[in-house]
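These numbers were taken from a predicted model, which means no experiment stands behind them.
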Amino acid sequence: MTRAPRRDLLAGLTVAIVALPLALGFGVASGLGAEAGLATAVVAGALAAVFGGSNLQVSGPTGAMTVVLVPIVAEYGPGGVLTVGLMAGGLLIVLALLRAGRSMRYVPAPVVEGFTFGIACVIALQQIPNALGVAAPEGDKVLVVAWRAVEEFVGSPNWTALVITVGVAGLMLAGARLFPGVPFSVVAVVAATLAAQLFHLDGATPIGALPAGLPAPSLGFLDLSAVGSLVAPAVAVAALAALESLLSATVADGMTTGQRHDPDRELFGQGIANLAAPLFGGVPATAAIARTAVNVRTGAGSRLAALTHAGVLAVIVFAAAPLVSRIPLAALAGVLLATAVRMVEVGALRAMARATRSDAVVLVLTAVATLVLDLVLAVVIGLAVAGLLALRAVAAEARLDRVDPYDDGVPELPGAQTYGDGVPELPGAASYEGGSGGGRDGDGDGGLAGTAGQVVAYRVEGPLFFAGAHRSLLELGEISGVRVVILRMCRVTTVDATGALALKDTVHRLNGRGIVVLASGIRPGQRRALESVGALELLRREGREYATASEAFGAARERLAAAVARGDGAAAGVVPARGGRDVPVAAPAEEAAR
């Protein structure tokens with residue numbers, strides 16, 4: 001139950017006043033007529049308010065959906081659009097049951113901004129025929145249709161329609177800046193309608209007759225034989241409805257405190273709304289960002305506001321249809337042109353373009369794809385490019401640095417401790433001092449006088465995965481002139497199968513040249529990938545995988561000390577390894593065989 005019903009009722013009335021010209025305009029722009037837009041606003045608006053996942057969301061026909069519907073109307077007719085809406089409603093319910101709503105959080109901001117800017121451009125171009133007072137030319141590409149409309153206008157100009165369109169759009173944009181609380185869309189449309197009626201303006205073509213009420217629900221439009229060919233358009237409509245509705249709900253959450261939407265329930269509510277709207281002749285619906293924003297700004301706090309909006313529009317449909325039918329199409333074109341201009345957030349576009357070069361590329365590419373291709377494909381392209389650029393950036397973070405064994409004293413694993421000599425140890429591990437132990441002796445060579453340069457350490461940092469594993473390990477595979485290579489892997493953030501295979505290949509090549517590879521600091525979460533391809537087994541074969549760098553260096557010193565003591569450059573037999581394990585030390589022939 002709402003805590004402030006009076007405030008919600010007032011907010012719903014305000015939203016209805018704003019939504020009326022938009023519902024009419026988007027209905028006309030979709031190709032199904034103004035009555036389809038009104039039916040959608042009433043039916044879908046009410047059902048989405050009841051079953052949706054946001055207390056503040058307002059649903060109905062939108063410009064983005066109109067962009068998708070125009071080519072469907074051209075190819076399949078009005079019945080095809082209603083069938084597509086029905087199918088899209090079912091798909092949205094399936095997405096809700098699959099709990100797909102939470103995936104919206106993974107859409108990058110440049111994709112959203114580019115998508116919104118592209119939609120605004122398409123909506124503006126769609127209004128060119130009505131703004132110029134010419135019949136809409138044939139074609140399914142908005143750029144082509146707009147160009148043909150301009151050519152027709154040049155041959156036979158209709159200045160009346162153009163003046164009405166510019167006047168309505170100008171009044172809306174200027175009025176919104178000076179008096180933000182006044183619904184100038186209604187003021188402008190009423191003024192244009194009165195002028196057309198009083199002065200008998202021939203160039204102001206009206207909407208035409210509207211039915212006084214909603215039609216009885218019917219499935220008469222459904223042609224089962226055409227369902228197969230409508231699957232792709234239905235998927236596109238469902239994807240767009242999900243994207244725009246979840247984006248709108250996120251915007252609404254950000255405009256208030258204490259309100260959070262349920263994304264999966266929102267998809268369910270939009271599915272119910274789209275299942276019902278076609279039965280009354282309505283076009284597919286989504287949540288509307290502009291109307292939702294008005295709802296929040298006017299103090300709405302519950303679903304009652306959105307329900308009131310639908311109820312007021314229903315009253316208008318039943319009581320004022322004759323008056324609404326006299327509104328000039330050019331006036332609605334002006335409303336939608338102003339709406340398109342207000343959709344563009346120049347500050348947000350500038351911020352995205354300046355953030356990084358990758359963000360700018362994704363923004364521009366998504367906007368252009370929205371304009372010249374279709375909306376769903378544009379989002380897919382934007383996501384794909386954003387993903388590739390992100391992978392490239394992440395892969396560039398992978399590094400292989402040759403380090404001093406005691407350079408930082410950072411614990412290799414969570415819970416490890418650093419002792420006085422700066423060497424990380426696991427809790428309870430013994431600390432070695434001098435000789436072949438783990439500490440430094442007086443000359444700083446770690447107790448291996450005469451073996452300088454025979455042991456080298458590399459620290460692997462960042463992700464070891466398909467996008468850059470071979471590149472990051474290239475230097476390691478070419479190393480020569482050493483006896484032991486120690487890999488410090490405590491700073492590896494992730495390992496996938498490709499990275500594990502690259503590491504295994506590198507270790508094989510080094511072993512083949514008689515170089516022993518010891519590894520330290522492998523995290524528990526990375527062992528599965530290494531074990532699956534045999535990389536961990538290769539490292540473990542002779543006790544070559546250690547928990548800490550100190551253990552790995554201790555084993556290296558013991559191995560080399562044994563080799564020096566025997567005087568033959570290598571040691572055969574077994575040398576006690578640190579941590580209580582035995583490390584078999586192979587003869588040169590055995591070592592080379594690996």
>> Side chains of Thr339 and Ile123, heavy atoms from C-beta outward: is any pair under 4.5 Å?
In response: no
> With a cut-off of 6.0 Å (strictly less than), are more than 12 heavy atoms of other residues, nucleotides or ligands near CZ of Arg99?
Replying inline: no
>> What's the separation between atom CZ in Arg342 and atom OG in Ser185, rounded to the nearest 0.5 Å?
In response: 8.0 Å
>> Can you tell me how far apart CD (Glu266) and OG (Ser59) are? Round to the nearest 0.5 Å.
In response: 6.0 Å
> What is the distance from atom OG1 of Thr366 to atom CZ of Phe117, rounded to the nearest 0.5 Å?
Replying inline: 12.0 Å
>> Under a 3.5 Å distance rule, please check whether Asn274 uses its side chain to pair with a backbone N or O of Gln270 as donor and acceptor.
In response: yes
> Roughly how far apart are Phe318 CZ and Leu214 CG, rounded to 0.5 Å?
Replying inline: 5.0 Å
>> When you compare the side chain of Ile272 with that of Leu92, does any pair of heavy atoms fall below 4.5 Å?
In response: no
> Is there a side-chain contact between Leu240 and Met65 (heavy atoms, below 4.5 Å)?
Replying inline: yes
> Which class fits the ring pair Phe184 and Phe179: parallel under 30°, tilted 30 to 60°, perpendicular over 60°?
Replying inline: tilted
> Should Tyr76 and Pro233 count as side-chain neighbours, where that means a heavy-atom distance under 4.5 Å?
Replying inline: yes
> Would you say the side-chain atoms of Asn55 and Gln259 include a donor-acceptor pair closer than 3.5 Å?
Replying inline: yes
> Can you name the residues that form a side-chain contact (heavy atoms from CB on, under 4.5 Å) with Leu91, not counting sequence neighbours?
Replying inline: Ala234, Val235, Ala238
>> So Leu32 and Leu82, do their side chains get closer than 4.5 Å, heavy atoms only?
In response: yes
> Taking it one step at a time, do Gln57 and Ser245 satisfy side-chain hydrogen bond (donor to acceptor under 3.5 Å, both in side chains)?
Replying inline: CA-CA 8 Å; Gln57 194 97 282; Ser245 297; 5.4 Å; no
> How far apart are the C-alpha atoms of Leu332 and Asn130, what are their side-chain angles, what is the distance that settles it, and do they pass the side-chain contact (heavy atoms from CB on, under 4.5 Å) test?
Replying inline: CA-CA 8 Å; Leu332 295 182; Asn130 285 336; over 6 Å; no
> Would Leu337 and Val335 satisfy side-chain contact (heavy atoms from CB on, under 4.5 Å), going step by step from the backbone distance to the final call?
Replying inline: CA-CA 6 Å; Leu337 280 173; Val335 171; over 6 Å; no
> Just how far is it from atom CZ of Arg326 to atom CG of Leu323, taken to the nearest 0.5 Å?
Replying inline: 6.0 Å
> Should His309 and Asn295 be marked as a side-chain contact (heavy atoms from CB on, under 4.5 Å) after you check the CA-CA gap, both sets of side-chain angles, and the distance that decides it?
Replying inline: CA-CA 9 Å; His309 139 270; Asn295 195 38; over 6 Å; no
> Do Ile381 and Leu373 pass the side-chain contact (heavy atoms from CB on, under 4.5 Å) test, and can you show the C-alpha distance, the side-chain angles, and the key distance before you say yes or no?
Replying inline: CA-CA 10 Å; Ile381 291 174; Leu373 299 175; 3.7 Å; yes
> Would you call Leu304 and Pro5 a side-chain contact if the rule is heavy atoms closer than 4.5 Å?
Replying inline: yes
> Have Asp253 and Thr250 got a donor and an acceptor in their side chains that come within less than 3.5 Å?
Replying inline: no
>> Can you give me the closest heavy-atom contact between Ala41 and Ala310, atom names plus distance?
In response: O-CB, 4.1 Å
> Any luck finding a side-chain donor-acceptor pair between Thr165 and Gln127 under 3.5 Å?
Replying inline: no
>> Rounded to the nearest 0.5 Å, what separates atom CG in Leu279 from atom CG in Leu86?
In response: 6.5 Å
> Mind checking whether Leu267 and Leu246 have side chains closer than 4.5 Å, heavy atoms only?
Replying inline: yes
>> I'd like to check Thr356 versus Asp359 (side-chain heavy atoms, cut-off strictly below 4.5 Å). Are they in contact?
In response: yes
